[in-house]
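Following: one structure in structure tokens, then a few remarks.
Heavy-atom basis, side chains included; hydrogens, waters and symmetry copies ignored. Being a predicted model, the structure only gives us computed values, none of them experimental. Protein chains get the first letters and strands the later ones, always in sequence-line order, with residue 1 at the start of each.
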Amino acid sequence: MNWLRRCGLTFKMNLLILSGVTLVISAILSLSYNITRHLMVERIEENAFSMAQATAYRINALLKAAEKIPAGMALTITKLQPDDKALKSILADRLAQNPELFGIAAAFAPESDKPPLSFYSRYFIRSYDRIKESPINYDYRTHDWYQIPKILDQAIWSEPYYGLSGRTIMTSYSYPFYREKQGHTKFGGIVCVDLSLNWLRNVVSSLKIGETGYAFLITRNGTFVTHPDLSLVMNETIFSVAESRGNPRIREIGRRMIAGEKGFTAFTGMLSAKKYWLAYTPLPANGWSLGVLFPQDELMANIRSLTRIMLGLGIAGFFLIMLVIRLISKNITKPLRALAQSADQIASGNLEATIPIPETRDEVGHLALSFTEMQQSLKDYIKNLTETTAAKERIESELNIASEIQMGILPKISPSPFPNHSEFDLHATIRPAREVGGDLYDFFMLDEQHLCFTVGDVSGKGVPAALFMAITQTMIKAQIKTHSGGVSADTLTQVNNDLNRDNPSMMFVTIFLGILNISTGELEYCSGGHNPPYRLTPAPEARVQELASTDGIALGVMEGFTFSSKRLTLAPGETLFVFTDGVTEAMNRDGELFTESRLEKLLTPLTEQPVTEITDQIMREIDNFSTGIPQTDDITMLVLRYNGKREKGGY
Amino acid sequence: MSRKTAIFILSFSLFSSLWLPALLGAAANPPLKQVTFIPQWVPQAQFAGYYVAEETGIYQKYGLKVEIINGGPQRSSAEYLKHQKADFASLWLVTGLNLWQQGTAVVNLAQIVQRSALMLIAKKKSGILRPKDIEGRKVGLWGSPFEIQPQMFFKQYDLKVEVLRQSYSVNLFLRDGVAVTSAMWYNEYHTIINAGINPDELTTFFYADHKLNFPEDGIYVRKETWQQQPELCRAFVKASLEGWQRAFAEPELALDITMRNLKKEHIISNRVHQKWMLERMQDIILPAHTQHQLGHLKRKDFQRATEALRSKGLIEKIPDFNIFYKPLAGE
């Protein structure tokens with residue numbers, strides 16, 4: 001169903017709703033067809049039965065009427081024992097009185113079955129509206145009309161047969177009569193009436209059952225007495241038709257019919273595969289059976305046309321609903337589509353895109369309003385952001401300027417800061433943690449003989465630290481110039497006092513201050529709480545050792561503190577490595593510090609390297625150590641190598 | 001040209017045009033011999049072979065013009081043969097033998113029906129399942145020659161029954177007027193089935209299954225005819241046998257011909273019934289599982305029939321088999 005997700009709303013609505021509608025319409029159609037059909041079949045059954053029964057009743061009544069005549073005559077013969085003349089007149093009279101009869105006979109049983117046989121019978125028939133005698137000149141004892149009622153000892157209607165003309169189908173009703181002889185009753189003979197079945201054919205064929213329905217009559221043997229197809233009549237039985245059609249169902253129904261059952265069943269025609277309903281009912285008089293065939297297609301034509309109309313309505317409904325869905329979805333999707341387009345424009349950055357507000361106050365309208373509000377919020381936000389960004393940019397640019405100024409305060413180390421002094425090599429480097437940092441270094445010649453240098457670390461970072469640094473640097477510079485020959489301790493004492501005097505933000509700075517006599521290598525130094533620098537002695541000693549502490553405290557912490565200095569003399573080739581705690585407190589991923597011991601170890605092989613190489617090498621090591629960790633503190637290193645007194649331009 | 005001459009020429013040309021082709025035709029083909037044949041009963045598939053031979057020109061091929069006289073209850077083929085009203089007749093073997101007894105020497109030219117189709121039928125619901133169940137019941141029988149086998153059957157099973165002479169319909173049996181009825185397998189049996197009684201509802205006794213197989217339909221001719229015109233007799237038999245072969249080979253054709261002849265005589269019947277009859281005729285004319293030659297009378301069958309008739313006291317004079325039976329192959 002992935003493809004469905006990709007389809008539009010209108011298509012989805014159409015698909016789902018119309019599927020549902022189709023389902024419902026189909027269900028209603030099939031249900032209504034079945035119910036109607038059921039009702040129809042019920043009605044047909046009623047109809048068929050009443051028609052079959054009415055017809056059967058009519059035929060039966062005629063047969064019953066005919067039955068009365070031989071019954072009465074048998075009684076007459078038994079009681080009156082008429083002589084030949086009387087018998088003849090009785091028979092002729094009765095025939096004349098009953099125009100429905102074709103013939104009437106009285107056949108007497110021979111006195112004895114042993115020859116010579118004495119047959120006695122009288123038979124009158126109707127011929128062209130005249131009554132005439134027709135002698136029976138054969139041994140009637142083995143004829144069905146005589147033999148069957150005699151043996152069964154009951155009156156019986158015969159199977160149909162062709163009359164003398166060979167065209168008229170007849171049936172006979174034979175009634176046995178008895179004679180009293182020597183005190184007991186003996187079979188006396190048969191009174192028989194012949195009935196043409198032409199009237200019966202008329203009755204049956206007069207049944208009008210639609211255009212193609214019909215009725216038929218079969219005897220107790222299943223022989224067709226009437227059927228629209230005359231070739232069946234007399235020649236075929238319902239069973240021979242079943243056999244020739246290879247249809248055992250016809251045989252089954254035939255058996256029920258001749259058994260005197262009533263029934264209603266679906267049936268295929270005798271001669272074709274046309275479908276019918278068959279209602280059948282027996283004629284009680286002679287056990288024949290009347291079948292009435294109702295053509296299914298004709299009777300179902302009404303249902304079919306009804307179903308067709310309903311189908312038409314269903315299809316119309318289908319399209320109507322389709323139209324309605326179209327309208328609804330248009331109302332929903334059109335503003336949605338417009339909204340989606342506006343959203344696209346907004347997404348691509350056009351915040352000024354107009355959002356269409358539908359007139360409706362439904363969910364879509366609500367959504368559009370929310371969208372408008374969102375657009376406004378977005379606009380405001382972006383305006384805000386723009387302003388903030390501008391402010392940030394301004395500050396950043398100011399910070400950059402500050403950084404430049406700060407870096408400008410520091411003495412230049414490149415090109416070589418003291419090209420005229422080969423007595424020493426000096427290199428310093430600073431890497432602030434932010435744009436502006438709190439570390440400082442400085443160096444300058446106090447006079448021809450003395451090099452002053454400082455490395456400091458202001459508490460905190462950023463602009464305040466930078467400003468404090470600048471103040472400190474300026475103060476040191478100003479102060480140390482007043483002490484000719486440079487007394488480092490006094491300078492720091494004085495600067496400390498000055499800083500304390502006006503330090504509302506309680507900032508402080510550690511500082512190392514050294515003054516090198518470039519002629520002698522004598523170094524006076526004073527530390528204000530700063531990390532002790534290292535003295536690197538080249539091979540053969542190849543030694544790295546901390547300078548002895550001067551027990552000073554950070555400047556700006558306590559007013560009136562008196563700093564003291566110490567002295568030492570650098571041998572030519574010895575190097576001083578001054579740094580801030582940004583070096584030793586650099587951190588790696590695991591939270592470990594760089595540490596003094598690591599620094600000492602690293603410095604040891606570097607005692608004879610050029611000064612720039614030392615700073616670079618240490619800086620690389622720090623970078624390696626804290627790969628991936630942002631720098632948290634300013635890193636400052638100053639390396640000073642004493643080369644000894646040399647001739648000017650000795651290099 | 002005088003008026004007389006013109007009349008002469010005109011009459012001569014008329015004469016020529018009328019008679020000349022006839023004379024020429026007669027010269028090309030010898031004239032057909034007119035013979036008559038009567039089957040025992042009305043036109044039906046029981047005699048399909050003869051009707052097929054007649055209608056498809058087989059008789060003509062053998063130089064015969066055969067007129068088939070319709071048999072039936074009013075016309076006995078035995079009487080027709082006896083009184084020279086027919087040259088050839090279809091008769092049961094026992095009827096043929098009976099004619100000898102009556103002093104009419106007839107010759108069997110071909111024994112068509114080998115297996116007896118005569119049978120007794122009872123409804124199972126009447127409780128008759130075995131021969132002994134017939135004891136004391138009403139049994140419908142036809143007259144001669146149809147009562148010989150039943151009588152021997154009753155004797156064989158030591159049955160006392162109430163015999164009723166039955167009609168040619170099966171209605172008495174259908175209405176339960178008799179418990180047992182006589183029937184021909186190819187005819188009445190099927191009539192009963194097509195009156196709505198299922199085969200499994202019936203008990204049947206074929207005489208042939210009870211050592212009473214009397215060959216039935218055969219072709220007979222008077223002895224003098226045989227002696228005078230043996231070729232004619234052979235031609236008739238050959239053509240008739242060919243007719244039967246054709247009827248079995250082309251049953252639809254045989255049925256068409258049968259139905260046509262049947263309708264001509266206003267016989268009440270239908271095609272499925274005639275189809276059944278034709279199929280059963282094949283069963284009894286050419287019984288399965290036997291090495292049988294069409295039209296052959298077996299000496300054993302002949303002896304069984306004569307023996308039965310003599311034991312019943314029906315005949316005394318028994319013709320010699322070789323005098324009674326003149327088969328085609330024997331010549």
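- The interface of residues 235-246 of chain A with chain B, defined by heavy-atom distances below 4.5 Å, comprises N235(A), E236(A), T237(A), F239(A), S240(A), E243(A), S244(A).
- Between the side chain of Q147(A) and the backbone N or O of R165(B), at least one donor-acceptor pair lies under 3.5 Å.
- Contacts of L174(B) with chain A are made by side-chain atoms alone, with heavy-atom separations under 4.5 Å and no backbone atom involved.
- The OG atom of S167(B) sits 11.5 Å away from the CG atom of D139(A) when rounded to the nearest 0.5 Å.
- A pairwise comparison of heavy atoms in R251(A) and P199(B) identifies NH2-CD, 4.5 Å as the closest pair.
- Proximity to chain A among residues 69-81 of chain B is not found for any residue, judged by heavy-atom separations below 4.5 angstrom.
- For K262(A), the NZ atom sits in a loose shell: 12 or fewer heavy atoms of surrounding residues, nucleotides or ligands are nearer than 6.0 Å.
- For a residue to count as touching a neighbouring chain, one of its non-hydrogen atoms must lie under 4.5 Å from one of that chain's; by this rule I193(B) touches chain A with backbone and side chain alike.
- K274(A) NZ: more than 12 foreign heavy atoms inside a 6.0 Å radius.
- Within residues 131-145 of chain B, the residues having any heavy atom less than 4.5 Å from a heavy atom of chain A are, in residue-number order, K138(B).
- Within 6.0 Å of NZ in K275(A) there are 12 or fewer heavy atoms belonging to other residues, nucleotides or ligands.
- R255(A) contributes a side-chain N or O that, together with a main-chain N or O of G196(B), makes up a donor-acceptor pair within less than 3.5 Å.
- Only the backbone of D176(B) comes within less than 4.5 Å of a heavy atom of chain A; no side-chain atom from C-beta onward does.
- Contacts between residues 252-269 of chain B and chain A, counted as heavy-atom pairs separated by less than 4.5 Å, involve I267(B), I268(B), S269(B).
- With respect to chain A, the highest number of heavy-atom pairs below 4.5 Å among N194(B), T191(B), V272(B) belongs to N194(B).
- Residue with the most contacts toward chain B among H143(A), M234(A), R220(A): R220(A) (heavy-atom pairs, distance under 4.5 Å).
- Crowding of K155(B) atom NZ: a count of heavy atoms from other residues, nucleotides or ligands under 6.0 Å not exceeding 12.
- Interface residue I258(A): only side-chain heavy atoms are found under 4.5 Å from chain B.
- For the residue pair L152(A) and R175(B), the shortest heavy atom distance occurs at CD2-O, 3.4 Å.
- For Y186(B), the OH atom is densely surrounded, since the number of other residues' heavy atoms within 6.0 Å is greater than 12.
- Of the residues D144(A), T219(A), I156(A), the one that meets the side-chain contact (heavy atoms from CB on, under 4.5 Å) test with N171(B) is D144(A).
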